[in-house]
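Quick note: residue numbers are just sequence positions, from 1.
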Amino acid sequence: MTSELPLAAVAFHQRVSRDAVPADDDGWELEASVREPERFAAIFDRYFGQVHSYVARRLGSDVADDLAAETFLIAFRQRARFDRRNGVVRAWLYGIATNLIRRHRRDEVRAWRAAAKLPLPVPAATHEDRVAAQVTAQGASPELAAALAKLNAKDREVLLLVALGQLTYGEVAAALGIAYGTVCSRLSRARRVVREAVTNPAEDPA
C-alpha cells in the first residue's frame with residue numbers, strides 16, 4: 001500500500017491481516033499508518049464489512065459497494081487528521097460514511113415512501129428491532145417505511161446509526177460532531193415517531 005488503497009480493498013476484497021490488533025488499539029494503528037501506510041489494512045479488515053452493511057441497509061447493496069470503498073479511501077487519505085485522544089476510529093469511519101449517504105437522501109426517502117405502499121406484515125418485535133431488521137426499502141414494513149420517510153433527516157440519521165450501526169450515543173455524537181445531549185433528544189423524537197407508527201403504545205411501555 002502506497003499513496004492509495006489497494007485495488008483489492010476498493011473492490012471489497014477482504015483478507016485476514018497478519019498484524020491485526022485489538023479494537024482498543026485502533027487509534028494507535030491508524031496513527032501508525034501515517035508513517036507505515038500498509039498498517040491501514042488492519043483498520044480496513046476490521047471495519048469495512050460493518051460500514052458496507054450499514055450503507056447497504058440504508059441505500060442498497062449496489063450503492064454500498066461504491067460508498068463503502070469511498071469511505072475508506074477518504075479515511076486513508078485523511079488518516080493524518082485523526083486524533084485518537086479526541087475520537088474513536090469506528091465513529092470516525094461512520095461519520096465519513098454518513099456524509100456520503102447524505103448525497104443520496106432524496107433517493108432513500110423516495111424508496112421508503114414507495115415501500116410504505118407495499119402490503120408487508122409487521123413482525124412481532126420492539127420498535128428498535130423493527131428498525132434494525134427491516135430498515136431497507138426492500139424489507140421495511142409499510143408502517144416503518146412511512147415513519148422513516150417522515151422523520152426529520154437529522155433525527156433519522158441518529159436513529160439509524162444506533163439501530164443499524166450499533167454505535168453508542170457517545171460514538172454517534174463523535175461521528176456527527178454534535179453534543180451527547182443532542183443525540184439523546186434526536187433519538188427520543190425518532191423513537192417516538194417510529195413507535196407510534198409500528199407499535200401499539202399500550203403494548204410497548206418503553
K.L.:
For Asn152, what residues pass the side chain to side chain contact (heavy atoms under 4.5 Å, CB included) criterion, not counting sequence neighbours?
P.N.:
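If we apply the side chain to side chain contact (heavy atoms under 4.5 Å, CB included) test to Asn152, skipping adjacent residues, the hits are Lys154, Asp155.
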
K.L.:
So is Arg79 actually on top of Phe82's ring, under 6.0 Å and inside 45° of the axis?
P.N.:
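Judged by the rule, Arg79 and Phe82 form no cation-pi pair.
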
K.L.:
Drop me the distance from Leu151's CG to Arg192's CZ, to the nearest 0.5 angstrom.
P.N.:
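Going from the CG atom of Leu151 to the CZ atom of Arg192 covers 10.5 Å.
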
K.L.:
Below 30° counts as parallel, above 60° as perpendicular, anything between as tilted: where do the rings of Phe72 and Phe48 land?
P.N.:
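Phe72 vs Phe48 ring planes: tilted.
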
K.L.:
Is there a donor-acceptor pair under 3.5 Å between the side chain of Arg156 and the backbone N or O of Leu148?
P.N.:
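Judged by distance alone, yes, a pair lies under 3.5 Å.
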
K.L.:
What closest approach, in Å, do Ala42 and Glu29 show between heavy atoms, and which atom pair accounts for it?
P.N.:
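Scanning both residues completely, I find the closest heavy atoms to be CB-OE2, 3.8 Å.
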
K.L.:
With side chains defined as the heavy atoms from C-beta onward, is the minimum distance between Arg90 and Leu167 less than 4.5 Å?
P.N.:
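Contact flag for Arg90/Leu167 side chains = yes.
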
K.L.:
My understanding is that only residues two or more places apart in sequence, or in another chain, count here; which of them pass salt bridge (Lys or Arg N to Asp or Glu O under 4.0 Å) with Arg84?
P.N.:
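Salt bridge (Lys or Arg N to Asp or Glu O under 4.0 Å) check on Arg84 returns Glu31.
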
K.L.:
With Glu157, which residues qualify under salt bridge (Lys or Arg N to Asp or Glu O under 4.0 Å), at least two apart?
P.N.:
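If we apply the salt bridge (Lys or Arg N to Asp or Glu O under 4.0 Å) test to Glu157, skipping adjacent residues, the hits are Arg102, Arg105.
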
K.L.:
If you look only at distance, which donor and acceptor atoms sit under 3.5 Å apart when one is on a side chain in residues 178-188 and the other is two or more places apart or in another chain?
P.N.:
{"from": "Ser185", "atom 1": "OG", "to": "Gly181", "atom 2": "O", "distance (Å)": "3.4"}
{"from": "Ser185", "atom 1": "OG", "to": "Thr182", "atom 2": "O", "distance (Å)": "2.9"}

K.L.:
Looking at Ala175 and Ala91, what are the two nearest heavy atoms and their distance?
P.N.:
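Smallest heavy-atom distance, with atoms named: CB-O, 3.2 Å.
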
K.L.:
Please name the pair of heavy atoms, one in Ala80 and one in Val34, separated by the smallest distance, quoted to 0.1 Å.
P.N.:
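Closest approach of Ala80 to Val34, heavy atoms only: CA-CG2, 3.7 Å.
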
K.L.:
Between Ser33 and Phe76, is any pair of side-chain heavy atoms under 4.5 Å apart?
P.N.:
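They are not in contact (no side-chain heavy atoms under 4.5 Å apart), so the answer is no.
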
K.L.:
Please determine whether residues Phe40 and Val88 belong to a single hydrophobic cluster, defined as Ile, Leu, Val, Met, Phe, Trp and Tyr linked transitively by side-chain heavy-atom distances below 4.5 Å.
P.N.:
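No, separate clusters.
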
K.L.:
Just by modelled atom types, is the Tyr94 backbone N or O under 3.5 Å from a matching donor or acceptor in the Thr98 side chain?
P.N.:
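Yes, Thr98 side chain to Tyr94 backbone: donor-acceptor pair under 3.5 Å.
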
K.L.:
Ignoring hydrogens, what is the shortest heavy-atom contact between Leu164 and Tyr54? Give both atom names and the distance.
P.N.:
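The pair with the smallest heavy-atom distance is CB-CD1, 3.6 Å.
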
K.L.:
Identify, with sequence neighbours excluded, every residue that meets side chain to side chain contact (heavy atoms under 4.5 Å, CB included) alongside Ala97.
P.N.:
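Val51, Val55, Thr71.
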
K.L.:
May I have the step-by-step check of side chain to side chain contact (heavy atoms under 4.5 Å, CB included) for Ile43 and Asp26, ending in yes or no?
P.N.:
CA-CA 7 Å; Ile43 301 298; Asp26 284 345; 4.0 Å; yes

K.L.:
What's the spacing between Glu143 CD and Glu196 CD if we round to 0.5 Å?
P.N.:
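If we round to the nearest 0.5 Å, Glu143:CD and Glu196:CD are 14.0 Å apart.
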
K.L.:
Calculate, to the nearest 0.5 Å, the distance between atoms CG and CD1 belonging to Leu93 and Ile74 respectively.
P.N.:
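So the CG of Leu93 and the CD1 of Ile74 are separated by 11.0 Å.
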
K.L.:
Does any part of the side chain of Glu70, heavy atoms only, come nearer than 4.5 Å to the side chain of Leu67, both counted from C-beta?
P.N.:
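Side chain of Leu67 against side chain of Glu70, heavy atoms only: contact under 4.5 Å found.
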
K.L.:
Hey, could you give me the CG/CG distance between Asp66 and Leu59, rounded to the nearest 0.5 Å?
P.N.:
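It comes to 11.0 Å.
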
K.L.:
Salt bridge (Lys or Arg N to Asp or Glu O under 4.0 Å) with Arg85: which residues, sequence neighbours excluded?
P.N.:
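Asp83.
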
